[in-house]
*Asks:* 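Questions regarding the structure given below will be posed in turn.
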Amino acid sequence: YGRFSNTTGATTCRECPRGSYQGARSQDVCNLCPAGKYGDAQGLDECTNCLSGSYSASDGAKECVSCPKGRYVNFDQSTSCFDCGTGTYSNKTGSTSCTECLEGDFQSETGQTACGACAPGTYIGLTQSSYCANCTAGRFSSIEASSACSNCQAGTFSTESDTACTTCPDGYYSSTSVATECEVCE
C-alpha cells in the first residue's frame, strides 16, 4: 500500500509522491488525492480530508488552504469556501462561520471582513443587518452605531435623518415630543 511500480523487472517499488495515494497492492500508478482531500507525505495508502475552515480545490493537493478573511466553510472535505452573507463578516483566516453584525452596525455586501457603523441620523436595532434605517421626522441620532433614535422634546422638531433636534424659532412652538415641525403662535 502507498507504493507502485511502473517498470518491468523492477527490484523495488517506489513510494507514491505527495498529493497521491495507492490503496491496493500490485499497482503500476498512484491516484491523485481528490479535491477536498490532501496528501502531505509520500507513500500514503489514503488521503486526508481537509477540515472545516480549509479546502483543496483540485486533485493532487499536498496541503489544504485556509479560507481567506470574509469567507468560511463549516464542513470537512470541502473544495471551496463560501462568502460571508450580508449582515455578517469574518476577520480571520480559516473561519468555520461568520460573525453577525451587532445592533448599530451593518454590512450590505458579501465576503467582507468587518461591519460598518450606522452614520449619525440613521440606526438599526437588529443584529445581522444589511442596512441602516433613517431616523424618522421627530427623532434623531447624533452618534455613529446607534441602535435607536431619540425623540425630540417639546419646543423642538426634526426632519428625517437629522442628527439633532432644532429649537422652534421665536413666534413658533411645538407642545409635544416627536414634533416634525413647529406651529405658528396665533
*Asks:* Below 4.5 Å, heavy atoms only, C-beta onward: do D40 and K62 meet side chain to side chain?
*Replies:* no
*Asks:* Considering only heavy atoms from C-beta outward, does the side chain of D45 approach that of Y21 to under 4.5 Å?
*Replies:* no
*Asks:* Would you indicate whether Y172, at its atom OH, is surrounded by more than 12 heavy atoms from other residues, nucleotides or ligands within a distance under 6.0 Å?
*Replies:* no
*Asks:* Sequence neighbours left out, what passes ring pair (Phe, Tyr, Trp, His ring centres under 6.0 Å) with Y72? Give chain and number order.
*Replies:* F82
*Asks:* Which pair of non-hydrogen atoms, one from R25 and one from Q27, has the smallest distance, and what is that distance?
*Replies:* O-NE2, 3.0 Å
*Asks:* Can you tell me how far apart OG1 (T93) and NZ (K69) are? Round to the nearest 0.5 Å.
*Replies:* 7.5 Å
*Asks:* Is there a side-chain contact between Y89 and C115, using heavy atoms and a 4.5 Å cut-off?
*Replies:* yes
*Asks:* Please list, chain by chain and in numerical order, all residues satisfying side chain to side chain donor-acceptor pair (under 3.5 Å) with S56, sequence neighbours excluded.
*Replies:* none
*Asks:* Can you run down the side-chain hydrogen bond (donor to acceptor under 3.5 Å, both in side chains) pairs that involve residues 176-186, sequence neighbours left out, and say none if there aren't any?
*Replies:* Y173-E183
*Asks:* Suppose the criterion is side-chain hydrogen bond (donor to acceptor under 3.5 Å, both in side chains): which pairs have a residue in residues 96-116, not counting sequence neighbours?
*Replies:* E100-T127
*Asks:* Any pair with a residue in residues 153-168 that passes side-chain hydrogen bond (donor to acceptor under 3.5 Å, both in side chains), sequence neighbours left out, goes on the list, sorted by first then second residue, please.
*Replies:* N134-E160, N134-S161, T159-D162
*Asks:* Looking at K92, is its backbone amide N or carbonyl O close enough to the side chain of S95 to form a donor-acceptor pair, meaning the two atoms are under 3.5 Å apart?
*Replies:* yes
*Asks:* Is the OH atom of Y123 crowded by more than 12 outside heavy atoms at less than 6.0 Å?
*Replies:* no
*Asks:* Determine whether C84 and S90 make a side-chain contact, defined as any pair of heavy atoms from C-beta on separated by less than 4.5 Å.
*Replies:* yes
*Asks:* May I have all residue pairs that pass side-chain hydrogen bond (donor to acceptor under 3.5 Å, both in side chains) and include part of residues 75-87, sequence neighbours excluded?
*Replies:* S52-D76, R71-D83
*Asks:* Determine the minimum heavy-atom distance between S174 and A179, stating which atoms define it.
*Replies:* CB-CB, 3.7 Å
*Asks:* Would you confirm whether S129, through its side chain, and L126, through its main-chain N or O, come within 3.5 Å as a donor-acceptor pair?
*Replies:* no
*Asks:* D59 pairs by side-chain contact (heavy atoms from CB on, under 4.5 Å) with which of C33, P34, C47, S20?
*Replies:* P34
*Asks:* Hey, are the side chains of C135 and F140 touching, using non-hydrogen atoms and a 4.5 Å cut-off?
*Replies:* no
*Asks:* Which atom pair, heavy atoms only, marks the closest approach of C16 to Q22?
*Replies:* SG-CB, 3.5 Å
*Asks:* CG of L102 to CD1 of I124: how many Å apart, nearest 0.5 Å?
*Replies:* 12.5 Å
